[in-house]
Structure formats: structure tokens, C-alpha cells
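Okay, structure first, notes after.
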Amino acid sequence: MLPHNSELRHRTMINYRIEIADLHAHLFKVTLTVAKPCAKQHLSLPVWIPGSYLVREFARHLSPLSATQKELAVPVHQVGKAAWEVDCSADAPLTVSYEVYAFDTSVRAAFLDSRRGFFNGTSVFLCVSGHQHDEHKVRIHGLPKGWQVATGLLPLKVTSTGAGDYSAPDYDALVDHPVELGPFWRGQFKARGVPHELIVSGASADFDGERLLADTRRICEAQIMFWHGRRKPPFERYVFLLNAVEDGYGGLEHRNSTALICARKDLPRVGRATPTDAYQTLQGLISHEYFHTWNVKRIKPKEFAPYDYGQENHTRLLWFFEGFTSYYDDQFLLRTGLIDAKAYLKLVSKTVNQVQATPGRHRYSVAQASFDAWTRYYRPDENTANATVSYYTKGALVAMALDLSLRQLTPANEAPQPTLDGVMKRLWQLDRPIDEDDIAQALEAEAGQPPTAAGVWSWKDLLAEWVHGTRDLPLQALLTAFGVRWTAKSGSPAQRLGMRISESSGALKVQAVMRGSQAELTGLSAGDELIALDGWRLRRPDDLVQWLDEKRDQPLLICRDQHIMSLTLRSHASDTARPHAGVAEQVVLTVDDKAGTPASTLRAAWLTL
Ligand code: ZN
């Protein structure tokens, strides 16, 4: 809730002015004025940005702070890696200035060069202790000619370019509104009566903005309908900030905006064939970040209420907030007709195969993987596939398995068919941060008991097994009951051996070795170059297809750290003591035209056929 104007006049106001100090040195200049500071005012900068679970130490890009009060310099002492104390008094306004080096092309920090600027508040705005809940104002100032401003922040007094004054009700809101600066493309539409803006930076001149606007609008309309029916969503306007680059992909969710990055070639272009798979992936990203507007920005884990910007905020629920959002992002492409059932099942197959290719799924639950996101998922290395499981992909499969389990139940009396949609809406209606018990209770309220086939008596027990357990989900049985054919095909030789390889300039290199695999048993390590198998030179992945004989042991020549080494590639037949952990199978999911009526009826309702 916003304070009344009369209250505002009596409250301390926190004012920031941000301007460009030097485009070529990638420097923003920030001037912070605290109207009523505390004596020995404490200041800090976040070490992470909500939505991206890694301590990024944004303070490393700040210049030394300088401070003045009553036109005299006052000392500033750094008291932590991202914390300062200003030797000021409480009887006069305090001004603090500093520069921020901004050359991070991701959506998580800040960027500035001669073509564009971008910043998140977490990278540029110091938090003034004791005043986090006061109104914060920002003046965006001194832009190069031809540049504009785009942000979801509330404009107070701005020029036609968007330069000028913006307001946020508190520090949390201030840093939850990324800002794009530059000569970008801007399109607009209304979804269920709510104004939406789509900003695209870096697109080629023949970029088909109208196509992207029309497709994005369909996603937004469908999601607003999903959560609110005919009522208004909980935001007055929404802004998509999309930056097109040579190669890149990602997004970060905010309360009424999102910052996205995509490859320039993946955008639709006027008069050219649309890059279907890549454009579909971009639509999935747009759908994903928009769904987060509800699922994580408003329905949030108890551990995020409030955020602690000074350290890791652990939650065991990212399988829900990221995984369920991943399930629904593609579901909305299907529900809006942007993709058909065949394309949807292809996306589900990809998710199933990604999880199957992760031996870590048998040692780490998605709840544990959520908790450890900061140190495992966000710090990938050659051992990641053995050391965790993705709460995005396995979380999406948990969502699908729950949705299918709910849809198998017979509704009681005249009640509507239980679905995961109903569960999500029940959680929305709680109107407060949630924990795992809330999810179990919402499932129970939606559907009573789980289906008998699940083998447990309560949804809480089912979550214990699927979310805290490490056994594979019963996806094949569930999908078969929904008339979806599950076909397992043999994987590539590298997959069957349990390793990931890459090829560069005619050299085949091992990227990762799966725990318990034939590759590990053979003695291969990440970084090894595969030189020859059975006396034959290896240069391309196809060479493995030609020379690998899985029925017998074969000599393998490798290079590790300049040493040529002779190994014996062990066949599956030669070692039965250890379980085979390679990925022998790739799953292909298709509509089963021969499925019986019950399965076809269930499938038709699920896949909106
Ligand atoms: Zn997400």
C-alpha cells in the first residue's frame, strides 16, 4: 500500500540520480541523497539478485564511495565486502557518490557501452539502512541523443524519451525494476485491458515486431485468464525488456517486467521464413518469465519473505517455483495454439531425456538440489551431472506427473475435474508466502486422496517420494494411461558409454564422465582427448559409431596433459559388477492413435485437442 501524500511529506526520502559518467569506460555515476540520515549511516549493496541464485558480489564493480554533508567531505569506512559506514551526523542531508563499472551482458547486473545501457537496482543502488521501507526516488539523467528509457518503475515526471524521475514504494520495489537505455524498438499491446510494452534492443532492421507482439499477447491473455478469469491482474502495466545479441539466452523475472536475452537470429524477420524451433524456444522463455509474475514474485516461498540481500537465501522449493513454471511455460504455448500436441510432446521428450542423462538424480532429490542451487546448479562444472539434478527439468516432470495423477481421478459429484491448474489457483488464493505443506494441502483440497496407482495414501507422502526421493518418476505408466506412446531408442555411442564429448578442430574431447559408467570404468576423465580406438584415428563423434564394438574390450589411445596414454575401453559384457549408468536410451513421445477411448479422452483434455 502507498502512503498518503501528507504522510510522504513527513518521511525521509531516499533519492538517487543515475547518469552516464563515461560510455567507453562503461561507467555509470550514482549520486545518493539521504534527506534524514542516521548518525554513522550504514549503507550496503546486495550480493545477489532475486531469481538468480548465486552470490555475485556486485560491490566489486563500485568505485570508492565519497560522501559530503553541509558541503564538507565526511569519511566513509568500508565495514564488509558490500557494506559501508559513513561518519555523518543526523542533522543534515547526506550525499554519497560513486561510479559503477557496467559491462555484464547478462540480465543479472549492469551494462553500458556506446550502443545501449541496462541496469538492475541490485547492481547500482546502495541500500540505506533504516530506510528500506521508505519511498525511493530515481532520476535518470544525461542520456546520449536518441536514447530512450524503458522500465516498469512508476514514472513521476519524465520527458518524451523517458528521462526524468521515477518512484518506488520501498527498496525491494526499487531493485525489482530493471531499466533499459538506448535507441531500442518499442511495441505495445493490451492484454485483458492491461497495457504491455515490448522493448527490443539490438534487433536487425527487418525484425518482425508485429509478429512477436501478436504472439506475446496471446501468451499474456491466456495467463491472465488462467489466474484471474475476467478480473484484472495484480499489476497496472507490464514491460518486456528483450536484448538481442549474437548468441545468448536467458531471462529474469520481476514483479511487472522481465529482462530477456536472445540470439538475434532467433527473432522473426519480415519476409523470411521463421526459425521455428529457436523462435518457439524464445516464446517459451517469454511464457516462463511472465508466469513467474505470479509464481515466485507473488506466490513465494516463506524463505523469500523478506529477501536477505546480504547472503544466500536457501529454499527447498525451487522444484516448485522453477519446475512448475517450466511445466506451464510450454503448456501455455500449447493452450494458445502457438505449438501443436506433436511439438509439445517433443518438448516433453527433451525434458525427460535431460533428466535421464543426469546420474545425480539417483543421489540428490529435487528438494536438496533446490537448497544447494547456489553452490551446485549455479556453479556448473564437469561433475555437475553427478552432483545434482536440475530442479527446472525434474521439477517440470514432477508438475506433469502430479497433473496427470490429478486428471486420472474421477471428480466427486458435480465438482470440476481435479487438475494442477486448480492447485495453482488455490495457492494463489492463500495470498501469502507458502511452504511445502501448503502445496500438499492444496493438492488434497483439489482432489482428496491421490489415485490408488500412486501407492500412497496422501499427497504429502507422494511429495515425499517424488520431491524428497531419488527414484525415477512413474512417467511411462502415466503417459501411457494418457494415450502417449513411449518409445525408447538407443542413444549415441558417447551416451551409451556415459560421457559427454565435444569436437573442435578435429579433436574429440571428453567434457564430462557419468558416475558408474563404462567411460569411468575405463579410466577416462574430463579434459581427455580421444585419439584412437582399436587402432583407428578418432576425429569426429561419428568415428566412434564406426569403430566402437560394445561386445569386446578395445584399446583406446588418449592424450591427457600432453601425455599419451593407452587405456582399455571396457565393454558392457566385461564388467557386470557395477550398474551401467550410461544413457543407453533416448525417449521419444508421440500421440498413440491406437490408444483406447479412456486414454484418448484423458489425452484430449490434457493436450487441449
Ligand atoms: Zn524461472
Side-chain angles (χ1 to χ4, degrees), residues 48-54 56 106-109 120 122 152 175-178 216 219-220 222-223 226-227 233 235 238-243 248-262 280-301 303-305 307 312-333 347-348 350-351 354-355 366-367 369-374 376-380 384 388-400 402-403 420 424 427-428 433-434 439 467:
W48 68 289
I49 180 167
S52 184
Y53 307 106
L54 179 68
R56 295 183 188 276
S106 81
V107 292
R108 310 171 199 115
N120 286 289
T122 37
V175 298
D176 199 19
H177 290 92
T216 303
I219 294 167
C220 298
Q223 293 196 12
F226 172 89
W227 291 104
F235 45 87
Y238 190 92
V239 185
F240 291 94
L241 304 174
L242 172 59
N243 183 30
Y249 174 80
L252 195 53
E253 65 275 8
H254 299 281
R255 65 186 63 188
N256 72 333
S257 63
T258 178
L260 309 163
I261 189 162
C262 77
Q280 184 185 300
T281 305
L282 172 60
Q283 289 173 320
L285 177 67
I286 287 169
S287 178
H288 182 95
E289 302 305 341
Y290 196 67
F291 197 79
H292 271 316
T293 312
W294 292 270
N295 196 36
V296 90
K297 296 312 298 186
R298 287 174 175 83
I299 305 173
K300 54 172 70 177
E303 295 84 356
F304 289 179
Y307 293 123
E312 292 89 344
N313 287 202
H314 295 285
T315 171
R316 287 188 168 79
L317 285 180
L318 293 182
W319 58 269
F320 176 79
F321 290 102
E322 288 301 346
F324 282 42
T325 300
S326 297
Y327 174 62
Y328 275 105
D329 61 28
D330 291 336
Q331 267 283 322
F332 274 101
L333 300 191
L347 291 171
V348 178
K350 194 174 159 196
T351 308
Q354 281 171 341
V355 175
V366 272
S370 298
F371 192 88
D372 279 340
W374 303 78
R376 291 177 188 253
Y377 188 81
Y378 269 90
R379 294 173 125 178
T384 298
T388 190
V389 59
S390 163
Y391 46 80
Y392 283 89
T393 49
K394 189 170 176 193
L397 296 181
V398 169
M400 184 176 78
L402 285 172
D403 199 11
L420 195 62
M424 298 305 289
L427 290 168
W428 171 256
I434 62 164
I439 300 168
V467 169

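These numbers were taken from a predicted model, which means no experiment stands behind them. One-based numbering, in listed order, for ligands and for the atoms of each. Position 1 is the first residue of the sequence, and the numbers go up from there. All heavy atoms count here, side chains included; hydrogens, waters and symmetry mates do not.
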Task: Validation row: H254, N120 side chains within 4.5 angstrom (heavy atoms) - done: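 Yes. Closest side-chain heavy atoms under 4.5 Å.
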
Task: Opening angle at the Zn ion (ligand 1) [NE2, H292; NE2, H288; to 10 degrees] - done: 100°

Task: Closest contact, heavy atoms only, L318 versus S370 - done: N-OG, 3.2 Å

Open item on the list: Could you report the tightest heavy-atom contact between V389 and K394, atom names first, then the distance?
Closed with: CG2-CB, 4.0 Å

- [ ] Could you tell me whether the Zn ion (ligand 1) has an N, O or S atom of E253 under 2.8 Å away?
- [x]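 Checking the Zn ion (ligand 1) against E253, no N, O or S atom falls under 2.8 Å.
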
TODO: Assess the side chains of E322 and H292: does a donor N or O sit below 3.5 Å from an acceptor N or O?
DONE: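 There is such a pair between these side chains.
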
Task: Among the N, O or S atoms of E322, the one nearest the Zn ion (ligand 1) - done: OE1

